[in-house]
Number of protein chains: 2
Amino acid sequence: MVPYKDLERLLVAVDCIILGFDGAKLKLLLIKRGFEPEKNKWSLMGGFVQPNENSLESAKRVLKQLTGLSGVYLEELRAFSNPDRDPEERILSLAYFALIDINQYQKQLSNDYQAEWFELDQIPTLIFDHNDMVKSAIRRLRYKAALHPLLFELLPEKFTIPQLQILYEAVYDTIFDKRNFSRKVLSLELLVKQKDKEKESSKKGAYFYKLDLTKYETNFQAFLNFIPNAHLYL
Amino acid sequence: MVPYKDLERLLVAVDCIILGFDGAKLKLLLIKRGFEPEKNKWSLMGGFVQPNENSLESAKRVLKQLTGLSGVYLEELRAFSNPDRDPEERILSLAYFALIDINQYQKQLSNDYQAEWFELDQIPTLIFDHNDMVKSAIRRLRYKAALHPLLFELLPEKFTIPQLQILYEAVYDTIFDKRNFSRKVLSLELLVKQKDKEKESSKKGAYFYKLDLTKYETNFQAFLNFIPNAHLYL
DNA sequence: TCAAAAGTGTTGTATATACACCCATGA
DNA sequence: TCATGGGTGTATATACAACACTTTTGA
């Protein structure tokens with residue numbers, strides 16, 4: 001008997017939900033699709049899984065192609081596998097979501113793809129099931145960031161507590177008490193206070209902090225209970 | 001231009017990590033693989049994604065084939081996609097984990113597959129990367145059950161608080177204070193006390209409880225903080 | 001009557017929340 | 001000097017963990 005005979009083989013793709021934070025709003029990076037079907041429509045950046053790579057490697061490659069970045073936070077969301085999701089041919093797609101420091105993002109690369117950042121409440125209609133992928137990624141982000149110190153991935157190396165708070169408030173679309181917020185953040189003992197201040201956004205200036213990378217990695221799995229009643233915002 | 005030309009198509013499979021609880025231990029359902037390669041070795045139950053179904057539907061079909069059950073808890077873990085994970089031909093596999101009531105499981109069906117239940121610390125060497133899939137599933141179970149009322153899926157319709165505690169203790173391989181445990185469980189207000197008692201395992205007998213299904217569904221997303229310092233056990 | 005498991009209550013500790021004022025600085 | 005945002009402290013309520021005794025009943 002010949003194994004695996006007479007079985008359908010599928011195209012397997014990865015699609016990346018790339019999120020960034022511009023200091024005020026969470027944003028999603030989209031491209032104008034360069035080929036048929038659905039050419040010139042807004043789309044997630046994606047690519048096909050190649051013979052020599054696994055799906056995570058594909059996602060890293062695709063991410064680097066568009067942003068120039070590697071070593072960033074990247075996590076598999078889930079498979080999107082409805083038989084007719086692409087009208088041209090069946091494609092199973094693995095959605096990955098990535099959190100990047102928007103300042104590191106290299107603009108020139110994405111010119112090739114006519115890429116643009118969109119605020120989350122202004123996302124256009126995307127091809128296929130890409131809007132579902134985005135929704136799913138936002139949910140996952142909120143879920144995970146409520147429990148793990150994930151959002152630091154969206155900030156530059158040096159950041160202030162007020163910047164961090166704005167980020168959390170953007171993700172959960174709510175506001176936090178700044179006294180309780182900073183106490184909670186600092187009690188994690190993940191942050192190292194710097195000598196210098198950020199002076200753009202206020203006269204007094206806010207101290208910069210850096211992540212203590214060692215503690216960040218060892219404590220990442222610890223549950224934070226960071227967002228009170230987080231499920232209300234999922 | 002012909003879209004999607006010259007791209008590799010892959011076999012796409014689903015593999016199911018099926019977990020049950022026999023009243024004392026967590027157990028994993030394995031089969032003896034019936035075809036080459038690796039014929040007669042222990043394996044997860046799996047199957048190929050068919051042209052007319054998405055991957056979740058495949059997993060449901062595969063699960064029903066082996067256990068006779070449908071409507072049980074089933075969740076996608078992640079893709080396993082290393083190019084050489086199957087020596088015969090490249091197969092991308094989506095791992096799903098399932099929680100079933102072991103009493104509902106229909107033994108005769110799985111005779112066809114020479115299926116057996118294994119305690120978690122006695123799992124044999126499995127084909128391909130199936131041992132990794134199992135490890136990954138256990139981690140996910142511990143993670144999720146620490147936050148959501150998930151383990152009820154492993155119990156029969158009527159169960160006692162002591163039975164529930166044994167289950168939690170099996171999953172986390174630790175012991176809990178029974179006074180704090182029952183108070184915490186009952187404070188969820190998910191359980192409805194029954195009039196009758198379970199008298200097999202003690203002279204006094206323990207009251208049966210049933211899940212309040214309405215509250216179960218609406219509160220599933222609420223975070224429990226059920227396991228103190230859960231990350232220590234992940 | 002006694003062994004074995006079920007069931008229940010209290011108290012101290014830690015954690016989270018709510019809330020108001022002073023500080024530093026550039027305009 | 002004043003308006004703006006940064007930074008801090010305290011009192012209260014809530015949640016959690018530790019802990020011991022009584023109840024039931026079959027053998």
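The basis for the numbers below is simple: all heavy atoms, side chains too, and nothing from hydrogens, waters or symmetry mates.
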May I have the distance from [X] (atom [atom1]) to [N] (atom [atom2]), rounded to whole angstrom?
| X | N | atom1 | atom2 | answer |
| --- | --- | --- | --- | --- |
| A:Asp177 | D:dT10 | CG | C1' | 13 Å |
| A:Leu164 | D:dG5 | CG | C1' | 17 Å |
| A:Phe181 | C:dC19 | CZ | C1' | 18 Å |
| B:Lys184 | C:dT8 | NZ | P | 18 Å |
| B:Phe176 | D:dC19 | CZ | C1' | 18 Å |
| B:Asn180 | C:dG9 | CG | P | 14 Å |
| A:Lys178 | C:dC22 | NZ | C1' | 11 Å |
| A:Gln165 | D:dG5 | CD | P | 13 Å |

Stepwise side chain to side chain donor-acceptor pair (under 3.5 Å) check, B:Thr214 with B:Glu217: CA-CA 5 Å; B:Thr214 318; B:Glu217 277 153 34; over 6 Å; no

Which atoms form the tightest heavy-atom contact between A:Glu169 and A:Thr174, and what is the distance? CB-O, 3.1 Å

Distance criterion of 3.5 Å, no angle test: do you see the side chain of A:Arg179 paired donor-to-acceptor with the base of C:dA18? no

Hey, can you pull the residues of residues 198-209 of chain A with a non-hydrogen atom under 4.0 angstrom from DNA chain C? A:Lys199, A:Lys203, A:Lys204

When you measure from every atom of DNA chain C, which of residues 187-196 of chain B have a heavy atom less than 4.0 Å away? none

By the ring pair (Phe, Tyr, Trp, His ring centres under 6.0 Å) test, which pairs, at least two apart or in different chains, include something from residues 193-220 of chain B? B:His148-B:Phe220, B:Tyr216-B:Phe220

Compute the ring centroids of A:Phe80 and A:Phe128, then answer whether they are less than 6.0 Å apart. no

Along DNA chain C (nearest heavy atom to each residue), the more 5'-positioned of B:Arg183 and B:Gln163: B:Gln163

Would you confirm whether A:Asp129, through its side chain, and A:Asp132, through its main-chain N or O, come within 3.5 Å as a donor-acceptor pair? no

How far apart are the C-alpha atoms of A:Arg140 and A:Glu75, what are their side-chain angles, what is the distance that settles it, and do they pass the salt bridge (charged side-chain N to carboxylate O under 4.0 Å, His left out) test? CA-CA 10 Å; A:Arg140 175 75 65 92; A:Glu75 168 180 332; 2.5 Å; yes

Using the side-chain contact (heavy atoms from CB on, under 4.5 Å) rule, pick out the option among B:Leu151, B:Leu77, B:Ile17 that qualifies with B:Leu141. B:Leu151

Between the side chains of A:Tyr96 and A:Ser58, is a donor N or O closer than 3.5 angstrom to an acceptor N or O? no

Between B:Tyr113 and B:Gln65, do the side chains contain an N or O donor and an N or O acceptor separated by less than 3.5 Å? yes

